[in-house]
Protein chains: 2
Amino acid sequence: MQLRRSDVLDGAMAILDKYGLADLTMRRLATSLGVQPGALYWHFPNKQTLLGAMADRILVGVDGPVTSERWDDGIAELAHRLRDALLSHRDGAELVAATYASRMTSNLAREGFVGAGVRAGLPRPYAELAAYTLLYFVLGHTVDEQSRAQMEAVGALTRTPASPDTETAADLGSDQDLLDGDPRVRFDFGLALFIDGMRARAGLPATRA
Amino acid sequence: MQLRRSDVLDGAMAILDKYGLADLTMRRLATSLGVQPGALYWHFPNKQTLLGAMADRILVGVDGPVTSERWDDGIAELAHRLRDALLSHRDGAELVAATYASRMTSNLAREGFVGAGVRAGLPRPYAELAAYTLLYFVLGHTVDEQSRAQMEAVGALTRTPASPDTETAADLGSDQDLLDGDPRVRFDFGLALFIDGMRARAGLPATRA
DNA sequence: ACCTGAACACCGTTCAAGT
DNA sequence: ACCTGAACACCGTTCAAGT
């Protein structure tokens, strides 16, 4: 039974989900595929390339067209789609952040963000900068969020999450223990801050709260 | 000549600056100190702890009091101080980002950011969220910026930086090739976007363009 | 108290040789 | 074309034993 490139990728994703990024080694992957370590190097030139392919797989679809008509809703939609994609695999945020550290230039939701910025009224170069800024935020927040969740699962965090029933940014009025609340609420706050900033830069009125 | 804990830390910083984070291994550090690898484990329980101490040293002083009177200038001052600290050592941003990934809660410029947010008129919990958002941006941007600079030094990047004489966000009118310009200009743009967002959230007038 | 010597249990990667 | 066998050059960490 010959090993295909996609089999290697599938095996790698399975190890990631079950054991985490730290336990994803070429030797372990080889063993799980019933093959010698060296065999992997016929399909991928090195581990970094394999990680890159994994990151691409995690992010597949996030750059698709947006359904929202408003530019601000479009940005929120893309940001949530990106966050969801990162959270859908163990250590997904960390993997993507590490892999895209320097080649953020490429794919991702970047183009979508830029488009929304232009629709908002920002000149293109500004929209591009805004897109980067947004990406830094989404990646940073999600890496943090995911590593916290993992520590909590192992039982290492002290403070307990409050109001587990708050689910959207609309509940932001609660005002207390926001820091330990639903990560999505925290995420939405940063996102709103950012969108407000874009609106101000574009010289648009605050059409929404 | 006995090895002190601070000697180990100094040696580690020296290797970081000269050879980078990837080449900072316990064995290499031991050799540079004229000692056996095991000796390091008398001073630090493990490598992660050593990296944490290095991150703390890199960030020493960034949480100091701010000189600016305006809250927005204060935020900019803190953000730049943090960025400068990260850039002052090879792979400094990467090291701090990796080490603080999950314990961002602690020190840093966080408290300073929170204070400025409160001064801006944000309720405390919102100011705390805003501080996180800002930290994610600063760390993400600086990691990216520093890794790009390193790739450029090795000669791997295609596009060449334009207008090397632009130095502050005031020059943002140039409009062309902003993406390849002075990283500080890019940084200042994201920062301004963010501060505008805080201002809008706090319900303050745009006192500055 | 502080360090050596020596091991344990791993890594990523290469490459002749096999089929 | 695809993989094995076996090595190369490393890692972080532990721990009895020395001084």
Side-chain angles (χ1 to χ4, degrees), chain A residues 1-16 18-56 90-91 94-103 147 154 156, chain B residues 1-16 18-56 90-91 94-103 147 154 156:
Chain A
M1 208 65 255
Q2 280 226 158
L3 201 62
R4 289 164 311 175
R5 190 188 144 97
S6 65
D7 295 330
V8 177
L9 200 47
D10 289 342
M13 294 302 299
I15 290 183
L16 180 72
K18 263 191 211 151
Y19 307 100
L21 187 58
D23 284 351
L24 174 58
T25 69
M26 297 301 267
R27 302 179 99 99
R28 191 194 243 269
L29 175 55
T31 301
S32 84
L33 293 170
V35 97
Q36 294 296 316
L40 303 178
Y41 290 83
W42 199 91
H43 299 279
F44 291 91
N46 49 52
K47 186 178 182 180
Q48 191 52 47
T49 304
L50 172 61
L51 292 175
M54 294 175 73
D56 288 342
R90 160 115 88 129
D91 295 331
E94 188 187 343
L95 192 162
V96 171
T99 306
Y100 281 23
S102 50
R103 63 174 182 113
S147 77
V154 183
Chain B
M1 209 63 253
Q2 279 226 157
L3 202 62
R4 288 164 311 175
R5 190 188 144 99
S6 64
D7 294 331
V8 176
L9 200 47
D10 288 342
M13 293 302 299
I15 290 184
L16 180 72
K18 264 192 211 153
Y19 307 101
L21 187 58
D23 284 350
L24 174 59
T25 70
M26 296 301 267
R27 302 180 99 99
R28 190 195 244 269
L29 175 56
T31 302
S32 84
L33 293 170
V35 99
Q36 293 296 316
L40 302 178
Y41 290 82
W42 199 91
H43 299 279
F44 291 91
N46 49 52
K47 185 178 183 179
Q48 192 53 46
T49 304
L50 173 60
L51 291 175
M54 295 175 72
D56 288 342
R90 159 114 89 130
D91 294 330
E94 189 187 342
L95 192 162
V96 171
T99 305
Y100 281 23
S102 49
R103 61 174 186 112
S147 76
V154 183

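Letters go in sequence order (proteins before strands), and every chain restarts at 1.
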*Asks:* In whole angstrom, give the distance that lies between atom CZ of B:Arg28 and atom C1' of D:dA9.
*Replies:* 14 Å
*Asks:* Could you measure the distance from the CE atom of B:Met54 to the OG1 atom of B:Thr49? Nearest 0.5 Å is fine.
*Replies:* 13.0 Å
*Asks:* Using whole Å, report how far CD of A:Gln36 lies from P of D:dC3.
*Replies:*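 Answer to the nearest Å: 12 Å.
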*Asks:* For B:Tyr41 and C:dG5, give me the distance from atom OH to atom P, rounded to whole Å.
*Replies:* 18 Å
*Asks:* Considering only C:dC3, C:dT13, D:dG12, which nucleotide approaches the side chain of B:Met26 most closely?
*Replies:*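 Of the options given, the side chain of B:Met26 lies nearest D:dG12.
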*Asks:* Would you tell me if any nitrogen or oxygen in the side chain of A:His43 comes within less than 4.0 Å of OP1 or OP2 on D:dC3?
*Replies:*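 Yes, A:His43 has a side-chain N/O under 4.0 Å of OP1/OP2 on D:dC3.
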*Asks:* Report the distance from atom NZ of B:Lys47 to atom P of D:dG12, rounded to the nearest whole Å.
*Replies:* 4 Å
*Asks:* Nearest-Å distance, CG (A:Leu40) to C1' (C:dT14)?
*Replies:* 13 Å
*Asks:* At less than 4.0 Å, is any side-chain N or O atom of A:Gln2 found next to OP1 or OP2 of D:dC2? Yes or no.
*Replies:*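 Result: yes.
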*Asks:* If you assign A:Arg27 and A:Gly34 each to the DNA chain D nucleotide with the nearest heavy atom, which residue ends up on the more 5' nucleotide?
*Replies:* A:Gly34
*Asks:* Which one is paired to D:dG5, where only Watson-Crick or G-U wobble pairs with both distances under 3.5 angstrom count?
*Replies:*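 Pairing partner: C:dC15.
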*Asks:* Counting N and O atoms only, with roles assigned by atom type, does the side chain of A:Asp10 sit under 3.5 Å from a partner on the main chain of A:Asp7, one being a donor and the other an acceptor?
*Replies:*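 Not confirmed, A:Asp10 side chain does not pair with A:Asp7 backbone.
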*Asks:* Is there side-chain contact between A:Tyr41 and A:Leu50, with at least one heavy-atom pair below 4.5 Å?
*Replies:* no
*Asks:* Judged by each residue's nearest nucleotide on DNA chain D, which is more toward the 5′ side, B:Gln48 or A:Gly38?
*Replies:*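 On the 5' side of the pair lies A:Gly38.
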*Asks:* Work out how far the P atom of D:dC10 is from that of C:dA9, and round it to whole angstrom.
*Replies:*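 Each nucleotide's P atom is 22 Å from the other's.
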*Asks:* Tell me, do A:Thr99 and A:Gln48 make a side-chain contact under 4.5 Å, heavy atoms counted?
*Replies:* yes
*Asks:* From D:dC3, D:dT13, C:dA1, pick the nucleotide closest to the side chain of A:Leu3?
*Replies:*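 In terms of side-chain proximity for A:Leu3, the closest of D:dC3, D:dT13, C:dA1 is D:dC3.
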*Asks:* Using whole Å, report how far CG of A:Leu21 lies from C1' of C:dC11.
*Replies:*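 Going from CG in A:Leu21 over to C1' in C:dC11 covers 14 Å.
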*Asks:* Using heavy-atom distances to pick each residue's nearest nucleotide on DNA chain C, tell me which of A:Asp23 and A:Ala39 is more 5'.
*Replies:* A:Asp23
*Asks:* Taking CG from A:Leu50 and C1' from C:dT13, how many angstroms apart are they, rounded to a whole number?
*Replies:*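 It works out to 14 Å between those atoms.
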*Asks:* Once you round it to whole Å, what is the distance between P of D:dG12 and CG of B:Leu51?
*Replies:* 10 Å
*Asks:* Taking the side chain as everything from C-beta on, heavy atoms only, tell me whether A:Val35 gets closer than 4.5 Å to A:Val8.
*Replies:*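 No; the side chains remain at least 4.5 Å from each other.
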*Asks:* Counting only side-chain heavy atoms from C-beta out, which of D:dG12, C:dT13, D:dT13 sits nearest to B:Thr25?
*Replies:*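 Given the options D:dG12, C:dT13, D:dT13, the side chain of B:Thr25 is closest to D:dG12.
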